[in-house]
Amino acid sequence: MATRVLQRVSNGLYLANNMANPAGHGVVLSRGLAVSSARYNEDSWFKSLFVRKVEARKDAHANLLTKNEESNLYKIQFHNVKPECLDAYNKICEEILPSIHADKYYPCELVGTWNTWYGEQDQAVHLWRYRGGYPALTEVMTKLRENKEFVEYRKERSQMLLSRRNQLLLEFSFWNEPVPRDGPNIYELRSYQLRPGTMIEWGNYWARAIGIRQHNSEAVGGFFSQIGNLYMVHHLWAYKDLQSRENTRNAAWQHDGWEEMVYYTVPLIQHMDSRIMIPTKASPLK
């Protein structure tokens with residue numbers, strides 16, 4: 001079948017080339033139009049083999065996948081630091097970030113703060129939670145603009161950074177809410193760029209499989225983006241060390257349902273990335 005399609009396309013190209021010949025110009029033009037129509041139908045048929053049909057739904061995936069009784073919003077920040085400034089950067093973060101976390105004046109919590117160990121080097125990752133959603137985020141940002149210490153911190157920090165970016169996230173309803181934990185631990189942030197329209201499908205499979213990955217309490221939190229890179233999913237895991245990570249991940253394949261989940265979710269992914277991170281002194285997730 002594919003051979004016939006290629007032959008027809010080749011014939012269409014041949015006819016198109018003959019249009020340059022003045023003799024029989026009208027005949028070739030007629031044939032060219034006929035072939036163009038045929039090629040359009042064939043292309044549509046050919047594309048239908050690969051284009052995934054997305055079923056219509058009656059609600060936003062944010063409402064279908066989150067805890068409806070809560071309205072927590074998360075912000076994840078990625079700061080790429082000048083290599084020679086990383087220690088100084090960590091020091092000023094340790095002085096300022098915990099004070100914001102502990103002050104009830106600000107409706108936000110520092111969930112965790114890390115340096116990337118394996119992955120992008122000289123990078124800091126911060127995860128914040130805003131209880132109350134977007135209004136809480138707006139309130140915090142407004143109040144911080146009046147905080148002279150924070151304004152000075154931002155000015156000093158800006159001299160240490162190469163680049164920075166952030167995302168606003170919601171948490172999946174079937175994941176645990178991140179809570180402080182004792183260490184020492186290493187953390188893995190696995191980030192998945194999904195194909196547009198596949199978030200509900202991703203959530204359905206992971207809702208059934210997440211229990212498999214909670215036997216060793218390694219599941220910390222699962223999130224999906226609302227602002228920033230869209231259709232982005234972040235899974236945060238905690239392990240005692242790299243060997244523990246290897247053992248835990250291998251053990252998942254011994255459980256019924258894990259292989260099926262991987263089989264059906266891999267085609268939903270456009271790109272994936274893994275960071276191994278070390279908590280800083282200021283991190284509630286040790």
Side-chain angles (χ1 to χ4, degrees), residues 52 54-55 57 59-68 70-79 111-114 116 118-120 123-130 133-134 137 164-179 186-214 216-239 245 248-249 252-253 255 257-277 285:
R52 180 181 173 277
V54 179
E55 294 183 3
R57 60 178 186 268
D59 204 352
H61 65 247
N63 296 330
L64 297 173
L65 294 171
T66 57
K67 301 179 176 71
N68 292 329
E70 300 176 4
S71 55
N72 292 337
L73 181 70
Y74 291 81
K75 178 171 70 176
I76 191 166
Q77 300 172 299
F78 300 95
H79 291 175
V111 177
T113 175
W114 304 268
T116 300
Y118 289 103
E120 294 189 57
Q123 184 182 70
V125 181
H126 309 294
L127 182 63
W128 294 88
R129 176 167 49 224
Y130 300 86
Y134 292 106
L137 171 67
R164 60 192 178 99
R165 62 185 176 89
N166 59 25
Q167 291 178 318
L168 295 181
L169 315 170
L170 296 177
E171 59 185 334
F172 286 109
S173 60
F174 46 86
W175 277 75
N176 301 326
E177 181 178 292
V179 295
I186 63 171
Y187 290 81
E188 181 177 19
L189 183 66
R190 296 179 71 86
S191 302
Y192 305 88
Q193 179 66 61
L194 302 186
R195 299 182 185 279
T198 63
M199 187 66 72
I200 297 295
E201 194 172 349
W202 176 276
N204 287 338
Y205 285 116
W206 268 97
R208 295 195 293 267
I210 187 60
I212 298 173
R213 294 298 310 275
Q214 292 177 326
N216 296 325
S217 300
E218 69 268 22
V220 177
F223 315 92
F224 59 97
S225 62
Q226 286 291 283
I227 296 179
N229 289 351
L230 298 179
Y231 287 97
M232 177 72 75
V233 169
H234 299 287
H235 291 175
L236 183 61
W237 309 92
Y239 305 99
R245 170 188 176 273
T248 300
R249 289 177 56 81
W253 291 93
H255 294 272
W258 183 255
E259 181 178 0
E260 178 185 6
M261 190 280 296
V262 173
Y263 178 83
Y264 285 109
T265 56
V266 165
L268 310 181
I269 302 169
Q270 287 185 327
H271 174 75
M272 59 187 296
D273 188 46
S274 171
R275 291 175 176 83
I276 301 297
M277 308 183 302
L285 287 170

Visitor: Could you check if a side-chain atom of Tyr187 sits within less than 4.5 angstrom of a side-chain atom of Val220, using non-hydrogen atoms only?
Guide: yes

Visitor: Between Ala219 and Ile210, what is the shortest heavy-atom contact and its length?
Guide: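 Nearest pair, atom of Ala219 first, then Ile210: CB-CD1, 4.4 Å.
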
Visitor: Who are the side chain to side chain donor-acceptor pair (under 3.5 Å) partners of Thr265, not counting sequence neighbours?
Guide: none

Visitor: Tyr205 versus Arg208: any side-chain heavy-atom pair under 4.5 Å?
Guide: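 Answer yes - side chains close enough.
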
Visitor: Are any of the side-chain nitrogens in Glu218 or Arg249 under 4.0 Å away from the carboxylate oxygens of its partner?
Guide: no

Visitor: Could you check if a side-chain atom of Lys75 sits within less than 4.5 angstrom of a side-chain atom of Leu127, using non-hydrogen atoms only?
Guide: no

Visitor: Is the count of non-hydrogen atoms from other residues, nucleotides or ligands lying under 6.0 Å from Glu259 atom CD greater than 12?
Guide: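 No, because the 6.0 Å sphere around CD of Glu259 holds 12 heavy atoms or fewer from other groups.
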
Visitor: Run the ring pair (Phe, Tyr, Trp, His ring centres under 6.0 Å) test against Tyr134 and tell me which residues pass, sequence neighbours left out.
Guide: none

Visitor: Tell me yes or no: between the side chains of Glu171 and Tyr74, is some donor less than 3.5 Å from an acceptor?
Guide: yes

Visitor: My understanding is that only residues two or more places apart in sequence, or in another chain, count here; which of them pass salt bridge (Lys or Arg N to Asp or Glu O under 4.0 Å) with Glu120?
Guide: Arg275

Visitor: Calculate, to the nearest 0.5 Å, the distance between atoms CD1 and OH belonging to Ile186 and Tyr118 respectively.
Guide: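 Reported to 0.5 Å precision, the distance equals 9.5 Å.
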
Visitor: Listed by chain and number, what are the ring pair (Phe, Tyr, Trp, His ring centres under 6.0 Å) partners of Trp128, not counting sequence neighbours?
Guide: none

Visitor: Answer with yes or no whether the side chains of Glu177 and Asn72 bring together a donor and an acceptor at under 3.5 Å.
Guide: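 Yes, Glu177 and Asn72 have a side-chain donor paired with an acceptor closer than 3.5 Å.
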
Visitor: What is the minimum heavy-atom distance between Ser225 and Gln167, and which atoms define it?
Guide: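 The answer is CB-NE2, 4.4 Å.
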
Visitor: Who passes side chain to side chain contact (heavy atoms under 4.5 Å, CB included) against Ile269, sequence neighbours left out?
Guide: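 Per chain and number, Ile269 pairs via side chain to side chain contact (heavy atoms under 4.5 Å, CB included) with Tyr192, Leu194, Trp202, Met272.
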
Visitor: Once rounded to the nearest 0.5 Å, what's the spacing between atom NE2 of His235 and atom CZ of Phe223?
Guide: 9.5 Å

Visitor: Are the side chain of Arg213 and the backbone of Thr248 linked by a donor-acceptor contact shorter than 3.5 Å?
Guide: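 A pair under 3.5 Å: no.
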
Visitor: Are side-chain heavy atoms of Gln193 and Asn229 found at a separation under 4.5 Å?
Guide: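 In contact.
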
Visitor: With heavy-atom distances below 4.5 Å as the criterion, would you say the side chains of Glu201 and Met199 are in contact?
Guide: no

Visitor: My understanding is that only residues two or more places apart in sequence, or in another chain, count here; which of them pass side chain to side chain contact (heavy atoms under 4.5 Å, CB included) with Arg164?
Guide: His79, Arg154, Arg157, Leu161

Visitor: Go through the structure and list residues passing salt bridge (Lys or Arg N to Asp or Glu O under 4.0 Å) with Glu188, not counting sequence neighbours.
Guide: Arg190, Arg245

Visitor: Mind checking what makes ring pair (Phe, Tyr, Trp, His ring centres under 6.0 Å) contact with Tyr130, not counting sequence neighbours?
Guide: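 Tyr130 satisfies ring pair (Phe, Tyr, Trp, His ring centres under 6.0 Å) with no other residue.
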
Visitor: Pro178 and Arg129: which non-hydrogen atoms are nearest, and at how many Å?
Guide: O-NH1, 3.0 Å

Visitor: Would you mind reporting whether Met261 and Trp258 have side-chain heavy atoms less than 4.5 Å apart?
Guide: yes

Visitor: Do Trp206 and Val233 have side chains that get closer than 4.5 Å, going by heavy atoms?
Guide: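 No. Closest side-chain heavy atoms not under 4.5 Å.
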
Visitor: Among Leu236, Asn166, Leu189, which residue satisfies the side-chain contact (heavy atoms from CB on, under 4.5 Å) criterion with Ile76?
Guide: Leu189

Visitor: Tell me, please, which residues at least two apart from Arg195 pass salt bridge (Lys or Arg N to Asp or Glu O under 4.0 Å).
Guide: none

Visitor: Kindly indicate whether the side chain of Val179, heavy atoms from C-beta on, has any atom under 4.5 Å from the side chain of Leu285.
Guide: no

